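Note on naming: letters A, B, ... go to the chains in the order of the sequence lines (proteins, then strands), and numbering restarts at 1 for each one. All values reported here derive from a predicted model rather than from experimental measurement.
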Amino acid sequence: MQISMPIRTPSLVSRRRLLEEKLIDLHKWNNLKQVKQVHAQILKANLLQDLSVAPKLIAAFSLCHEIVLAVNLFSQIQQPNVHLYNTLIRAHVRNSQPSQAFATFFEMQSNGVYPDNFTYPFLLKACSGHSLYPMVQMIHTHIEKFGFCSDIFVPNSLIDSYSKCGSFGVNAARKLFMVMGERDVVSWNSMISGLLKAGELGEARHLFDEMPERDTVSWNTILDGYVKAGEMNKAFELFEKMPDRNVVSWSTVVSGYCKAGDMDMARMLFDKMPIKNIVPWTIIISGYAEKGMTKEAISLYDKMEEAGLRPDDGAVISILAACAESGLLGLGEKVHASIKRTKFKCRTSVSNALVDMYAKCARLDKAYSVFDGMARRDAVSWNAMLQGLAMHGHGEKALQLFSRMNEEGFAPDKVSFISILCACSHAGFVEEGLQYFYTMERDYGIIPEVEHYGCVIDLLGRGGHLKEAFRLVQSMPMESNAIIWGTLLGACRMHNAVDLAGEVVDHLVKLEPSDVGNFSMLSNIYAAAGDWDSVSNVRLRMRRIGIQKPSGSSSIEVDEEVHEFTVLDKSHPKSDKIYEMIDRLVQDLKQVGYVPKAYQ
DNA sequence: ATAGGGTTAG
């Protein structure tokens, strides 16, 4: 039985009180639908011009990644004050648009509004994310002129920003830190964190020992220093010595063991953690995924959702990246399903991670469908899709996408050209590839880097133009590297260019002295030419050098288990059967016209 | 101020 209830309209007074309650923490909201509702209510109550309300609304839109709405709103305010300008600057910083943040800063000054103690730290944040050292210097000069250093928050921000601007910056930060009359724990922590970013672990440790008092952040910072340096023994020692450990401390060591490949230790600590948020779950799941341990990764992902935790953008991006790296389509699809369940619209970077994951797992259809459904695309979106098509040999489609990119007004960047050149070389479009290479600098103003030369060398080499490829290696304006010589060696193998191969390997061993792959490739080339003396010579050289570094490997996922294999790998128990199968496949390929080169 | 975060030639 249904009881019908009379709908009561709340009185004007209570409606007003309801709105006031919402306004208390509006600036922390990140649900676009709710923010839009409050926006409408604010308009109705005629509160938009209220300078204690408008900044909160702008901050909320910015938290929802709606920078256009935030800017729009700002332009409607008749008499903006410092607080409002600060909010807009912060919104641009959050949207990683430092130039817009600075434009707002200058506009504010020309409108006669003076910056305060909050303005500078926000501007400094804009610089540190983009390593804008000269900008930090400029702000520093400003601050000294206006004497804002009285608030310790300001010099602390300066130290933080300086130390995120590379080695120059760390020097400036050091200098400032030395002359600071008063230092709090944040000043010390920022300085230590800056030194660690510059790779100065020793100096950072020294400062840590000198600190008059240390809080958990100080311990976590130096702990992470050891983790990043790969010194897990020292890190763990420190972890055990810490007076207080929080989620960050635990996450730091778990992440260290994941990176060191010790998943047992990582898992043990993860299970021991008293409190977990989404970050440690992300770390351990990505750790398993990177190692190709599908079963563990999937079961933990399920457990995480059972525990009522929803992956945030950071978790999704991180796990999808790990899936892309190891080709874990299964887990990638699971993550995609979770996203679809909770939201309709993804942030661009989340969709980018999806496109990349599907493309690297060879599901170009799905990559395309995510790509096509995106509301906004950035350079990374186009590049991930281009790269996916190029990688899997869809040269024609990659070139089509490249034209579409141009038609839609997206300027290709240097990464796009790597994908395009790679697409041409995999599809055998030698002439077209060279044309794109020429256009790149002439029409797009992008100066080719060593990666681009690498693609063109591959293009020429695969096409059988070995002499031209070799000449390009010698005439290109930069130093050659191991990848370039490796590309050339691959081309030599493909076309049985025995003499050139020997020369190339000589260059290669100087750069990668202990890589097995180079030698086994050379040995294959000699074998294909029937030059057995040279083959045993190479084997001798291999033994003399003593091979330590493992060569590159491939992997395949079968029944949720990933199998990894390398050149001349005999470690698998059924290795004989596997090679038998490869021989059979080569026989079959020969029947349909494929001519195998060096492989025997 | 500290933990997880996308595209880059063999």
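- Ring orientation note: the planes of A/W281 and A/F270 are nearly perpendicular, at an angle over 60° on the 30°/60° scale.
- Among the heavy atoms of the strands lying under 4.0 Å from A/S190 are primed sugar atoms or P, OP1, OP2 only; no base atom is included.
- If you check every strand for non-hydrogen atoms under 4.0 Å, A/N156 touches nothing.
- Pairing each heavy atom of A/P412 with each of A/M405, the nearest pair is CA-CE, 3.6 Å.
- In terms of heavy-atom proximity, A/L459 sits nearest to A/F429 at CD1-O, 3.7 Å.
- Within residues 224-232 of chain A, the residues approaching DNA chain B are A/D224, A/K228, by heavy-atom distance under 4.0 Å.
- Under 4.0 Å is where a charged nitrogen must lie from a carboxylate oxygen, and between A/K510 and A/D506 no such pair does.
- Residue A/S251 is in base contact, counting any heavy-atom pair closer than 4.0 Å across all strands shown.
- Cation-pi geometry between A/R377 and A/F410 is not met at under 6.0 angstrom from the ring centre and within 45 degrees of the axis.
- We find that A/D356 and A/K366 are not joined by a salt bridge, their nearest charged nitrogen and carboxylate oxygen being 4.0 Å or further apart.
- Put simply, OG on A/S286 and CG on A/L320 are 9.0 Å apart, with the number rounded to the nearest 0.5 Å.
- Extent of DNA chain B lying under 4.0 Å from chain A heavy atoms, first and last nucleotide in 5' to 3' order, is B/dA1 to B/dG10.
- Ion pairing between A/E325 and A/K360 fails under the 4.0 Å rule for side-chain N and carboxylate O.
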